[in-house]
Every structure is written in structure tokens, then in C-alpha cells.
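Presented below is the structure to which this report refers.
All chains are named by letter (A, B, ...) in the order of the sequence lines, taking the proteins before the strands, and each is independently numbered beginning at 1.
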2 protein chains.
Amino acid sequence: MAEKRNERNDKLREERREQILEAALEVFARKGFVGTKASDISKYSGLSHGLTYHYFESKDEIFTELVERALKSAAAVIDYALLQPGTSADQLTWLTGIILSHTGGSSSYPFLLMVQAFTMESIPPKAKELVAEYEGLPRIRMAELVRKGQEEGSFREGDPEQLAYVYLSAIQGLSFSSFAAGRSFPVDPAHVNQLLLN
Amino acid sequence: MAEKRNERNDKLREERREQILEAALEVFARKGFVGTKASDISKYSGLSHGLTYHYFESKDEIFTELVERALKSAAAVIDYALLQPGTSADQLTWLTGIILSHTGGSSSYPFLLMVQAFTMESIPPKAKELVAEYEGLPRIRMAELVRKGQEEGSFREGDPEQLAYVYLSAIQGLSFSSFAAGRSFPVDPAHVNQLLLN
DNA sequence: GTCTATAGTTCGATAGAC
DNA sequence: GTCTATCGAACTATAGAC
């Protein structure tokens, strides 16, 4: 009996946390960390102000957890690409396709959070530490894909890390534009892939 | 006599305004609009809090003027490219070189201001209006360069505005990365230009 | 023209009822 | 577990002296 109740409570707690985090992600992305009031988050989540503070210690903690998730996802998608079947060129095609299809509107929120984390001084110290820790990871994993592709002969020559840097920067810029631009411009993934392919 | 004094005063006023705007640009870029306190600007400019409000009506007005300048510069650099001597390919080379050399550190501040203006809801309404007004301008001018290059046969085929969009997004991403990345990665401008050239 | 001091407001976080 | 009411800190903008 006591077991059942605990399970129910745990599930409830987890649901509430996610409810708060989901709302916070959108509000932080749109108003910025400092521009977001704690009351904005609770209003948007449909929960009370006090309950938000029952589940999280502070506004800082909510933001920091969201940044951590975003940073980990960014590195993870490249690892997934490396696990895809086929040649390195196939994996690149998969990766570019996935990223470009996950841009615009609310899919860009984690990305916008990272932009803040990368550029703003006015973010929680722990979020800054996370950024310093994960910052270079996507580039390192991407360089691995580039090196593999060069060995297969389908990728252009050059320092793998520099090539990875150019590709990731370009695709970041496209993600940003697809959010910022009023209308949406179709982008041919193959066009982007030519930055790396022969 | 009265003439001379007015001239001196005008010059003084202009100098102070620029002093405030220069300081504000850096602080806004690094802390964000909401994260920047009016006192941060006055401290950084070396002037008093009260004097800042003598020259500007509000924090909003300072930010808005800086955004307007940044937006105008962004469109202007492409117009300059169209005025450069040589073929369209030469003009593209010039443009990419200029932009890539103006990235990293404090040269990126106007760019970071625009990132805020494009993405954040918590910015002054007048700044948002300016963004809406100037948003598409660089793409339109850039499309003109692309069309010209296509006529000359050196640029790849395709919708000029879409090609301009991809190029500008990519170069925006590179500008952003050069600011965000800890170390600086050298980028070959010719590599970027291949997005548009045959 | 320039500064210091402060009025008025807003927001993050908590206490306590149900 | 959830909500309402409220405190204390911090910030923008202004008033008034020099």
C-alpha cells in the first residue's frame, strides 16, 4: 500500500517537474534568462508561483538544467550520426537532414537557450561551467566523422577539426535564420553538405 | 562669441553621446538588454548615472539607437560590395573577407546586438519595429549580387534569394562561432564562397 | 553640464493556510 | 501537494545641489 502511494507520488513529482521545465524552456528562449520572471514560468506552466519553488530551488536551477539538456542533445545527435548505417557521406546526409528539419518555431528553443548560454554574461555560474565543459564536444565528434570520410575518399582534404568547425558554424547559422526570418526559406541539405564533400 | 560657445557645446554633447553609446554597445552585447543595468552603462562609460539620463531618455532609447546603427551597417556592407571593382566573384571575395575579418572579440558586438534584437521578446518595441523594417534587406541586396554573378556565369544556378539566404546564414553562423568559441579557428574564405560559386 | 541622493516600482523567494 | 499573500532586495528614473 505504502509502495503504491510512493510510486504515484514519484510519478506526479516527475510530471510536475517536466511541466515546469517545458514551460520554462519556451519562456527563457523567447524572453531571455534575465527577461524571464519567475512568475512568467509559473503562469505559463499553469501552476502556482509557490509550487514552482517547491520543485526547484531557484530560477537559476531551472535554467541550468535546461542548458545541460540542450548541450547534451547537441553532442548526442552527432554521436547518433556516427551510428547510422552506410558510408560517412550517408551519415553526413542523415545528420544535415535531421538538424535542418528540427529548426524553426519551437524546435529551435533549445538552440536559442544555448545561444544565450554561449554569449551572455548574465547567466547562472553553473550554466557557464557547463558551457565551458561541453563547448568543444560537437566539434570533436564531428571531426571524427570528417576524418572517417576523408579516409573513405569522399570528404575534402584539410584539417578535420577546422572543417568540422565550418560545417557546424554554417548549420548553426541556418538554424538561427530559420527561427529569425519571417518567412521560411527552403534549404537544400546537399548544398550544405558540399562544404565537406568533394 | 556666442557662436563659438555653441559649437564647443555641440561638439561636447556629441562626444558624450558617443562615449555613452560606445560603452552601452559593449555592455548590452555581453549582458543582454534586460541584464544590463542603466548603472552598468554609466559606470563603464566613466560618466555619472544622472548624465546618462541627461543625454538619453531611457535605457530603451540607447538600445534602440544601437540596433538601428547595427542594422544599417549590415545592409551597407553588401551595398559596398556591389560597388567594388571587378567581377561579381571578386565582389563576393571582398565581402566574405571583410565580414570574416570583422569577427571575434569586440568587432562582434553589433552582431550580438542584432542576435538579441532578432530573437528576444524583451526588447523595446521601437527596436522590434526597426528589425521588422530592415530584416530582409541584406538578403535582397545579396540576391542582387548572386543574380549578377549568375549572368556572368561564375555563380551556381538556383533561386538567387535562396542562395543569398544560405550564404548569409552560414556567414552569420561563422561570426557567431568566432565569438563564442574559446580558441579561434582559421576559416578559408574561399571555402565559404564555394556555397555560391561553380 | 555634471553629480549625488532617493522616490517609486518590480521581482525573486518565503511563510503559512488548506 | 498546492495555493495566496507578503517581505526584502534591487533597479530605473528623477529631483535638486553645484
What does nucleotides 2-18 of chain C look like as a protein-contact string, B for base, S for sugar-phosphate only, - for none, at under 4.0 angstrom between heavy atoms? BBB------SSBB----
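Salt-bridge formation is not detected for the pair A:E151/A:R147: no Lys NZ or Arg NE/NH1/NH2 atom is positioned less than 4.0 Å from an Asp or Glu carboxylate oxygen. A salt bridge links A:R69 with A:E65: at least one charged nitrogen is closer than 4.0 Å to a carboxylate oxygen. Ion pairing of B:K72 with B:E68 is present here, as a side-chain N (NZ or NE/NH1/NH2) and a carboxylate O approach within less than 4.0 Å.
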Distance-only check: which donor-acceptor pairs under 3.5 Å involve side-chain atoms of residues 122-137 of chain A, not counting sequence neighbours?
from	atom 1	to	atom 2	distance (Å)
A:S122	OG	B:K31	O	2.8
A:K128	NZ	A:E121	O	3.0

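Ring pair A:Y165/B:F185 is parallel by interplanar angle, where below 30° counts as parallel and above 60° as perpendicular.
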